[in-house]
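All values reported here derive from a predicted model rather than from experimental measurement.
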Amino acid sequence: MWFLDRTARQLRRHPALLTHRPPDLDRLEALLRQYDPGLTRSGDWFDARGTRVRCTEITDRQAALAGVPADRRGAIIARNGLRPAACLLLNGLASRLGGALYPPLEHDDHVDVEVRLGRGLPLGCERVAELLRPNLGERTIRHDHDLGLCHIDGKPGDPIQVTYDHPSPGWPGDLPDHSVDLGIDGGDPHRSDVEVVYKAARSLAAAVGGTVYSMDLPVTRVEDVIPTADRLDPPPRAQRRGLVRRVATADSGSSGQGCLG
């Protein structure tokens with residue numbers, strides 16, 4: 001019975017990143033510390049900005065009980081009352097560690113790169129557009145200073161979308177962070193477009209002393225912003241019925257304690 005196995009129960013209830021081999025725990029912890037410098041650990045769970053993360057091995061029996069593909073031997077399970085927050089973190093980890101999102105519908109194809117500019121005086125949308133043009137070509141600005149969100153548009157059909165998020169006039173007290181967001185929405189973006197976004201973001205950050213993030217994780221290479229190519233298809237109904245039969249013959253010799261032992 002699946003609900004008697006801790007790992008199978010968690011895989012059925014929470015989103016996860018599934019890998020063919022157990023993930024490298026040291027690498028995972030280093031990435032989580034970039035996501036949350038105040039990362040804490042309790043037992044075999046990490047706590048990163050309110051998302052609890054567990055890394056574990058998966059036995060044949062647990063895979064069958066949980067209904068995950070039998071060729072997966074590692075899982076990073078994320079638990080958060082706000083499921084989208086857990087899925088955002090898992091997608092960011094997938095770009096850096098590999099693996100496939102489970103359930104498959106949690107996979108995010110959207111390329112989103114953020115240049116964080118800190119809390120200094122806003123650059124101004126005209127200056128941002130000027131700094132982006134060498135990499136992105138001619139851009140026109142749709143101003144919305146009252147809202148504090150200006151769109152810096154390319155030519156019709158340009159897949160790269162840019163917005164500048166800045167404090168609105170008369171902001172009381174200390175200025176908040178402001179940022180430039182560069183994105184390509186959905187549908188397996190061409191690598192060449194992703195490379196243009198990455199180059200534009202890095203160039204802008206270098207010019208103004210900003211930092212580059214994607215999925216709330218620092219970006220150091222173009223691969224960090226490319227959605228994982230490892231994807232799962234929903235199992236056909238006949239295969240789901242066969243999961244129960246697999247349990248009877250699955251190898252349960254491994255402890256399944258996983259990465260954290």
Side-chain angles (χ1 to χ4, degrees), residues 34-35 84-85 87-96 98 101 105-171 175-231:
Q34 291 178 0
Y35 178 77
C87 294
L88 179 72
L89 175 56
L90 290 174
N91 275 282
L93 293 173
S95 294
R96 294 154 176 84
L101 271 291
L105 59 85
E106 306 298 0
H107 175 86
D108 188 352
D109 268 335
H110 184 222
V111 171
D112 182 49
V113 180
E114 179 187 15
V115 182
R116 298 181 182 177
L117 306 177
R119 299 189 177 189
L121 291 175
L123 288 176
C125 46
E126 296 286 355
R127 177 60 175 157
V128 171
E130 177 187 343
L131 291 169
L132 290 173
R133 286 187 181 108
N135 290 295
L136 300 185
E138 186 55 39
R139 293 263 148 177
T140 57
I141 303 171
R142 285 186 288 133
H143 300 280
D144 194 336
H145 294 165
D146 291 336
L147 184 62
L149 184 68
C150 295
H151 295 262
I152 303 175
D153 299 328
K155 296 178 180 178
D158 190 328
I160 299 173
Q161 304 163 358
V162 181
T163 57
Y164 174 45
D165 186 358
H166 55 92
S168 55
W171 187 276
L175 290 174
D177 289 343
H178 52 120
S179 63
V180 177
D181 291 291
L182 302 93
I184 306 172
D185 208 359
D188 293 320
H190 292 291
R191 183 183 174 97
S192 59
D193 290 332
V194 178
E195 289 175 345
V196 169
V197 166
Y198 171 77
K199 184 178 179 181
R202 297 285 292 182
S203 177
L204 175 62
V208 299
T211 51
V212 183
Y213 284 77
S214 178
M215 302 285 182
D216 272 350
L217 285 164
V219 170
T220 59
R221 54 181 190 152
V222 67
E223 287 78 13
D224 291 344
V225 304
I226 299 176
T228 178
D230 188 359
R231 304 179 194 182

Non-hydrogen atoms of T228 and R231 that approach each other most closely:
O-NE, 3.5 Å
Minimal non-hydrogen separation, I141 against E126, with atom names:
CD1-OE1, 3.4 Å
Could you check if a side-chain atom of D216 sits within less than 4.5 angstrom of a side-chain atom of L89, using non-hydrogen atoms only?
no
From R96 CZ over to E223 CD, what is the distance, rounded to the nearest 0.5 angstrom?
11.0 Å
Looking at every heavy atom in both D109 and P189, which two are closest together, and how far apart are they?
O-CD, 4.0 Å
Just wondering, do R191 and V222 contact through their side chains at under 4.5 Å, heavy atoms?
yes
Check: R127 and V208 side chains under 4.5 Å, non-hydrogen atoms
no
Working for side chain to side chain contact (heavy atoms under 4.5 Å, CB included), residues N91 and H110
CA-CA 10 Å; N91 275 282; H110 184 222; over 6 Å; no
Less than 4.5 Å apart, side chain to side chain, heavy atoms only: is that true for R202 and V113?
no
Any side-chain heavy atom of S214 within less than 4.5 Å of one from D224?
no
Mind checking whether Y164 and H178 have side chains closer than 4.5 Å, heavy atoms only?
yes
Would you compute the distance between atom CD1 of I152 and atom CD of Q161 and round it to the nearest 0.5 angstrom?
13.0 Å
Rounded to the nearest 0.5 Å, what's the gap from CZ on R139 to CG on D158? Could you check?
4.5 Å
Would you name the heavy atoms of L217 and Y35 that are closest together and state the gap between them?
CD2-CB, 3.5 Å
In this structure, NE2 of H143 is separated from SG of C125 (nearest 0.5 Å) by 4.5 Å
Could you walk me through whether R142 and T140 pass side chain to side chain contact (heavy atoms under 4.5 Å, CB included), step by step?
CA-CA 7 Å; R142 285 186 288 133; T140 57; 6.0 Å; no
Here the gap from L204 atom CG to L182 atom CG, rounded to the nearest 0.5 Å, amounts to 7.5 Å
Between the side chains of E195 and K199, is the shortest nitrogen-to-carboxylate-oxygen separation below 4.0 Å, so that they form an ion pair?
no
Over all atoms of both residues, closest heavy-atom pair of T211 and A205:
N-CB, 4.3 Å
In sequence, state the C-alpha distance, the side-chain angles, and the governing distance for M215 and D108, and then conclude on side chain to side chain contact (heavy atoms under 4.5 Å, CB included).
CA-CA 10 Å; M215 302 285 182; D108 188 352; 3.8 Å; yes
Under a 4.5 Å cut-off applied to non-hydrogen side-chain atoms, are I226 and S95 in contact?
no
dist D153:CG -> I160:CD1 (nearest 0.5 Å) comes out at 12.5 Å
